[in-house]
Amino acid sequence: AGGDPAEAAPGVTDDTVTIGTHQPLTGPAAAGYSSISAATTAYFAYLNENGGVNGRSIEYLVKDDGYNPANTQTVVRELVQDDEVFAILNGLGTPTHTSVLDYLNQNEVPDLFVASGSTSWNQPEKYPWTFGFNADYVTEAEALAQYADDEFAGKSICVLGQDDDFGDEFIEGLENVLGEGSLASVQRYSVSNQDVVAQIGAMQAAGCEVNMLATVNGFTALAIGTAAKLGYQAKWMSSSSGGDYVTLAGFLGEAAPVLLEGFVTTNYLPYAPGNEWDDLFRQINDEYNDGAPFDGNTVFGMSVGYLFAEALAKAGENPTRQGIVDAITSGDLVGNGLVPLSFGADSHAAYKGVSITTVADGVQDFIGVTYVSDGSGGVEPFDGDAVPLENDGLPTS
Amino acid sequence: MNHTPVGVEPGSTAASPAAASAASAAAPRLRVDRLTVRFGGLTALDDVSFEVGAGEVVALIGPNGAGKTTVFNAVCGLVRRAAGEISLDGASAANGPTGLVARGVARTLQGLGLFDSMSVLENVLVPLESGTVRRVQHAEAAAQASGCLERLGIAHLAAVPVAALPYPERKRVALARALGTDPALLLLDEPAGGLGEDDIDALADVVREVAASGCSVLLVEHHVDFVMGVADRIIVLDFGRVIACGTPDEVRADPRVEEAYLGIEPAA
Amino acid sequence: MSAQPQSASPAAGTGSTATGARAGGTLELDGLTVGYGGAPVLRDVSIRVPAGAIVALLGANGAGKTTLLRTVSALVPVASGRIVFDGVDLAGVRVEDRARAGLAQVPEGRSVVAELTVDENLRLGGLQRFRGRRLASAVDGVYDLFEPLARRRRAAGHQLSGGERQMLALGRAIIAEPRVLLLDEPSLGLAPRVVAQIMAVLRALRDERGLTVLLAEQNVTSALAVADHGVVLNLGEVVADRPAEDLRTDSALRHAYLGF
Amino acid sequence: MSARTQTPRPQTPRTAGPLTTSIRAARPGASARRPTSRLLATALVLTLVAIGATFLLDPYRNYQFALIAATFCATAGLTLLIGLTGQLSLGHAALMAAGGYGYALAANALTDAGVDGVPRFVVSLAAAAAASALLGLLLGLAAARLKGPYLSGVTLVLVIALPAFTAVFSGVFRGDQGVQIAYDGVPPALRTLIAVEQWQAWVAILVAAAVVTWLAVLRNGPAGLRMRAVRDDETSARLQGVRAGRVKVLAFTASSIAAGAGGAVLCFVTQSVSPGAYTLAFSLLLVVAVVIGGLGSLLGAFLGSIVIVLLPWVIQTATGALDLSADAAQRLTGNLPVLVFGVLLIVVTAAWPGGIRAALPKRLRTKRMPRRGAPPMQTSTVAAAEPATVTPTAAPRHPDPEPRTSPAAEPIPTTTER
Amino acid sequence: MDRLLFLLATGLARGAIFALFALSLVLIWRAARVVNFAQGAMAVVATYVAFAVTGLTGSYWIGLASALVAGGLMGLIVERGVMRFASHASPLSGVIIAIGVVMVLQSLLGIAFGPNARPMEAPFPETPIVLGGVPVLSPYDLFVLVVAIGLMGLLALIFTRTSLGLQLRASAFAPEVSRLLGVRVARMVTAGWVLASAVGALAALLLVPTELGLNPHSADMLFVSAFTVAVVGGLDSPPGALVGGLVVGVLISLVTGYLGATVAPIAVLGLLVAVLLVRPGGLFAATEARTA
Ligand SMILES: Nc1ncnc2c1ncn2[C@@H]1O[C@H](COP(=O)(O)OP(=O)(O)OP(=O)(O)O)[C@@H](O)[C@H]1O
Ligand SMILES: Nc1ncnc2c1ncn2[C@@H]1O[C@H](COP(=O)(O)OP(=O)(O)OP(=O)(O)O)[C@@H](O)[C@H]1O
Ligand SMILES: [Mg+2]
Ligand SMILES: [Mg+2]
């Protein structure tokens, strides 16, 4: 694979580039995530309508893996061997994608912009073909901890985390900043049990005032809702993976504006009312995605599509697998984030920083506080600018 | 009409082990001593003692629910004894699920208990290849099984699934299966039930032959003519107690047996 | 069968003379042919069971007795021929509706409901006919009749001895005061005394209520002792249809048809 | 039979000599069993055919072939368990996982110790068998006491608890992520000849062949006979000297080893094992495979494995070909295969209770698995003499006058291959 | 101590819902001798109906009534439509068909409504009453407990005291004999399914407000927990379902509270194995069958 420009790369024809992904479209995990690939598809439809990349339109094959690693392996092989895709884009989930890491790297298939905040994707030596997308959980936690330390000094801080790597890495990040053993209560939940009364009750009993959440959207809502039922008031701060206001409001129903007032989370993508990217994505969503509910997932999915298009454009007239990887590691990609992309020869992480958002009067917006990783177990403030919108979101080479 | 127990005390002449074994040889094959079995509040067997000698045919009769099948179950270890001893050829059996089956006791069930998914031959092979009854080689087991089928006149049915057989043949398979292991003691639970007169006669011949070859037979049966015809000795149970014991003629003449079991012949 | 607690004798205990007790019905089988897919098991069988009569259905193992009784209850479909109950053709009438109309069967093989108690089995039998108090006293009537059952009324069906089950199956069938009773080898596994008693009960029911009985039996002697009529099946065909008296007394006839 | 005539039957033993004395001498060598050698020969031929077939397939089909072979290990074990002993396990996914983890942990330890290639595979496979055997043994001990849905309940909860086990002992099992192992390429000698997927298919086929042949030999031998005896009537089996508890434990353990081998092969093919791959849904799918293939039949298990591996893919491919709006496409993509699968499941179960296998032509059916029984010659003589008695479809017509407890309290009545 | 009390109360509230759903499994088991794997999916369909009706009318109680009706209807449709084609020779066939029904219903729901959860309101406050400084049961929890206990009592009464109950049980145990005794077996089996599905729908409806919201998989874990509960209690026993439900609910709550959520499934497995090793037929098993 790759290398010889004379021979067309797999999945590339004169007027198309075929790429694929694995996503949970069915099963219990579908609820939080199935809208991402739809948004990406919509962005590609917009892009294709406007001439595609170097005259090639992008075909995006979305396969359902039901969040089951065994299915992931099957559908990814199908994409690579049967559908002969050029690259895998935005495969979703840590356990699912972990199971195809070796396969994709052995077969030298570009494995781009994995949808998960695990730090595993950033191992250029071991996995030269794999690149992450999300700001990783450790960085997110460090930023939230730093923010809490700045804003709510002296309050007792606790955490509720999922009982897997998500929770582990998040807790690691919190302790990096706050110090080992400084959390007043550490609670874990298991996705198979939608009852967190015991955990929230424990946090209440421990007198927690600021609660950090390493939770997916559903469990963020569950935690906040349960606390409300227990008559327990606290400050809630959550990872971006579970901090999307629109989604949370969907779970919490009518009480949402009250319960979520002051809710803190992070983002590294331009998801805010009035932002020019946001406006563009809303237009695309209306036009190419049947006006599906617009939320953080939509912005995420379209941003992924944009970043891929940009990388493809940078890979030149005759893109090859090696070529697109080179384009990414060249460090020339800009993306559309609030912090600069970190891609380079020795970094396969996309975003190493996040901005803080809060909810005020039912609106989730940035408050102008942004942190980036200082590379040594902490974060530092960042005051650069977000990437501006250019050329109607159509990348040029 | 009223089934109050007749006044036979345990240890009274008729029921004492000594009397029960009077007709048998010196060393009894099966010895049941003061056996008691309870199910919750129900005392199904109450201090039952008797013996079966080598090559002897003993019948166990009595009203329905008297405890006959329960005696078999106790011997085979299917029910726990509340009290009492059971021994085969002088060695007593543990009061557990193993019972005497592994030691040369074969039994037919009141409900046959055939393995319906199997052929006739396979049914007969099961005890031979059970891994506990006798350690035989496969070839030998097969030979022994087919030989047994031949003895009972069902060799030509060897490959037929038992589920497809008529009732008399099914009963024969059950008998063949029990005989296949060359048992020291054979327990037959209602072997004649559901059979026509011809088959019953044939059965009686088989029982006599088995006994003649030295195997002891203990049987439960309600077909009085059959019992009287084959049994050397009869033990009568009522309400879990031995109420009479003796030769067929003695038992038939016993008024307590008449009252509890035989009843009035229907007026023709 | 209804509330007659004072009745002491088995006959009086079952053969209620109370008003409302149902009289027997007639059963006619007309050219019945039945099979299980292969060759027919019953061939052109015609039998008439008049109201208030006991007809013994005799024949060796496999003659087709069970098949015949099951066909009458619609458990086996009819290939051709008719089953007429009190002048009504039963074609198309379902099993449970035949039972409700008074056609009761005691199936072969002591089929009690193993998971229900003795008491519940009996109540189940009487349910379609009585409710409440009357049902309770009908159940008591059966206990009077089969004393071993009374001792085991709380026992589950599966705990019973073989004979106890047979008694239960029979008691459960007669409790609903059927008009025609189909019995499949009721004597199987019963002590001689109980067999005699059952035959006496049948006769009493016939005498007092005019119950109609079709009785399949291996036990030819006891069956003929109570029957008015004997029908002999051989290989699915009726080979003899005679008054019981003839079969009982005429040894030549018995030899010809029953082999002894 | 005799009842068909009024004359005394010819075969009554009335005239026979003393019964028990001459039995041992009768007809030496009249074995009812097919020789094991023939079974092995059949297995060898089928394995070679399967290996040959891999040359006709492209890499992705070979990968699917390997998946089918791995699934077949598990379904073969399961069909034996359900078909021969009547024990319904909903937990075979967990047993596969045990094999997968056993394989992965052993393989990683060996890699660290510098072992690789075929020796690493063989030793790891043995470790997988040992791990699954241990879990199967424990389950079997419980199974020996439990019946019907109670056993199903325990096995079901075992699958549900699998992710919890991997999370609690995440130091060893690595939680949700699961354990990854080093890539095992084509051995150097074959490297120029075949692609890695074909090599994986070969390994999967060889393991499946070994496992299934072993199960077939087991079923064909005394152990199989005892299992069927226990399933048909446990009390009666005990009275024939069969140690019912031991037989059940053995069956569960054997079935578990087969499942574990399947898990090991899956781990070998995909270089990873994780709890998310062994869900309740997958466990149920294994049962589904066994049932729609035809219970108790190894051929059925194979057909069922093909169905559960290929059908979702076929349907998904078919939906992909439809031209749908984005939203509709998304809702249908994942759900339509499930819908079609469900409908098919219902229809097959209702219309062909014997499974796909029963719907095949007879010739195909009987070839694969010889079964116990007398030589066919004897059968035909009987058939000629007494057609009615050999109809294999006949149910027991004279119900044995015994207590009938509820169907689920008794072993699940199933048919074995005829 | 406070913590223990709190966890006990939480567990009881949860356990009541398990018990209710387990009761529906017990009902079908008693009526048809199948473990109905589709019970959860059927209940979710009924809950969607309730959701729609409540949305339209604004009344929780009309929604609840419609869930009961829809649940019963689902029972009728599934029993008459597919279950009766299950081979009676093998109980497995019923299980497989039920699994097929799960797939069909869940995929249809997924196609019709998508995977997202819809929040549902509880009819009573879910804020716990504070007793001596400890928050214990909320009015809604109490409502659930009362419904569970009341329904259990009612059903136990129906089964043991009425002729309908007797006929239901007999039909399940011995259909042929029951028909010979004049019992309309087909009707009884259907009645059992209708009753059970309505109870199942009620349980799911009561569960959803305490969870994330309504989606096609809302009852997946409920089914698993309830099946465990039914097995622990003894599949044939309505009181077993109640006791089992409360025991499992409290166990999960205590283990989650003291040892962590991750350990809970292992604890449930441990409980199940322990109970069944001592009583292979569940806590409230009938006497063991005589076998010879
Ligand atoms: N496992 C058991 N549980 C409870 N009761 C039992 C059990 N086994 C037997 N009984 C009871 O013990 C008594 C004796 O039963 P048993 O089967 O030994 O009678 P039997 O003499 O064989 O009668 P029959 O001639 O009717 O077969 C009966 O009342 C029966 O109900
Ligand atoms: N379900 C069935 N399938 C096929 N053949 C059957 C079935 N039931 C009975 N038969 C056949 O029908 C014939 C009559 O059987 P049936 O049981 O009616 O006889 P029977 O007179 O009641 O015998 P028995 O005295 O043994 O009870 C037999 O040859 C039997 O093989
Ligand atoms: Mg008995
Ligand atoms: Mg008959």
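As the structure is a computational prediction, the values presented were derived from the model and not from experiment. Convention: sequence-line order gives letters A, B, ...; per-chain numbering from 1.
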Discussion item. For a quick test of reading the model, state the closest non-hydrogen atom pair linking E/T262 to D/A167 and the distance between them.
Written reply: CG2-CB, 3.3 Å

Fill in: Contacting moiety of D/L156, where chain E heavy atoms sit under 4.5 Å
side chain

Fill in: Between E/G260, E/G110, E/A230, the one whose heavy-atom pairs under 4.5 Å with chain D are most numerous
E/G110

Worksheet entry | D/W352 atom CH2, over 12 foreign heavy atoms within 6.0 Å | no

Fill in: Region of D/L138 that comes under 4.5 Å of a non-hydrogen atom in chain E
neither

Fill in: Residue among D/L336, D/I346, D/V288 with most heavy-atom pairs under 4.5 Å to chain E
D/I346

Discussion item. Taking side chain as everything from C-beta outward and backbone as N, CA, C, O, which of these in D/L162 sits under 4.5 Å from a heavy atom of chain E? Side chain, backbone, both or neither.
Written reply: neither

Worksheet item: What heavy-atom pair brings D/R145 and E/P280 nearest, and what distance separates the two atoms?
Response: NH2-CG, 3.2 Å

Worksheet item: Is there a side-chain contact between D/I160 and E/M221 (heavy atoms, below 4.5 Å)?
Response: yes

Worksheet item: Are E/F85 and D/V347 close enough, and set up right, to give a side chain to side chain contact (heavy atoms under 4.5 Å, CB included), and what steps lead you there?
Response: CA-CA 9 Å; E/F85 296 110; D/V347 171; over 6 Å; no

Practice prompt. For atom CZ of E/R14, decide whether the heavy atoms of other residues, nucleotides or ligands shown that lie under 6.0 angstrom number more than 12.
Written response: yes

Response to the item:
Taking every heavy atom of D/P149 against every heavy atom of E/W29, the minimum-distance pair comes out as CG-CH2, 3.6 Å

Worksheet item: Rounded to the nearest 0.5 Å, how far does CE of E/M103 lie from CG of D/L284?
Response: 7.5 Å

Fill in: Heavy-atom proximity to chain E below 4.5 Å, by part of D/L139
neither

Fill in: Region of E/V232 that comes under 4.5 Å of a non-hydrogen atom in chain D
neither

Practice prompt. Considering non-hydrogen atoms only, spot the tightest contact between E/P265 and D/V157 and give its length.
Written response: O-CG1, 4.5 Å

Worksheet entry | Structural part of E/L277 lying under 4.5 Å from a heavy atom of chain D | both

Discussion item. I need the minimum non-hydrogen distance between D/Y150 and E/L235, along with the two atoms involved.
Written reply: OH-N, 2.8 Å

Practice prompt. Side chain from CB out, backbone as N, CA, C, O: work out which of these in E/A174 comes under 4.5 Å of a heavy atom of chain D, or both, or neither.
Written response: neither

Discussion item. With side chain to side chain contact (heavy atoms under 4.5 Å, CB included) as the criterion, how do E/L269 and D/F165 come out once you've worked through the C-alpha distance, each side chain's angles and the decisive distance to 0.1 Å?
Written reply: CA-CA 11 Å; E/L269 179 64; D/F165 273 109; 4.0 Å; yes

Worksheet item: Which of these passes side-chain contact (heavy atoms from CB on, under 4.5 Å) with E/V104: D/V338, D/L339, D/L345?
Response: D/L339

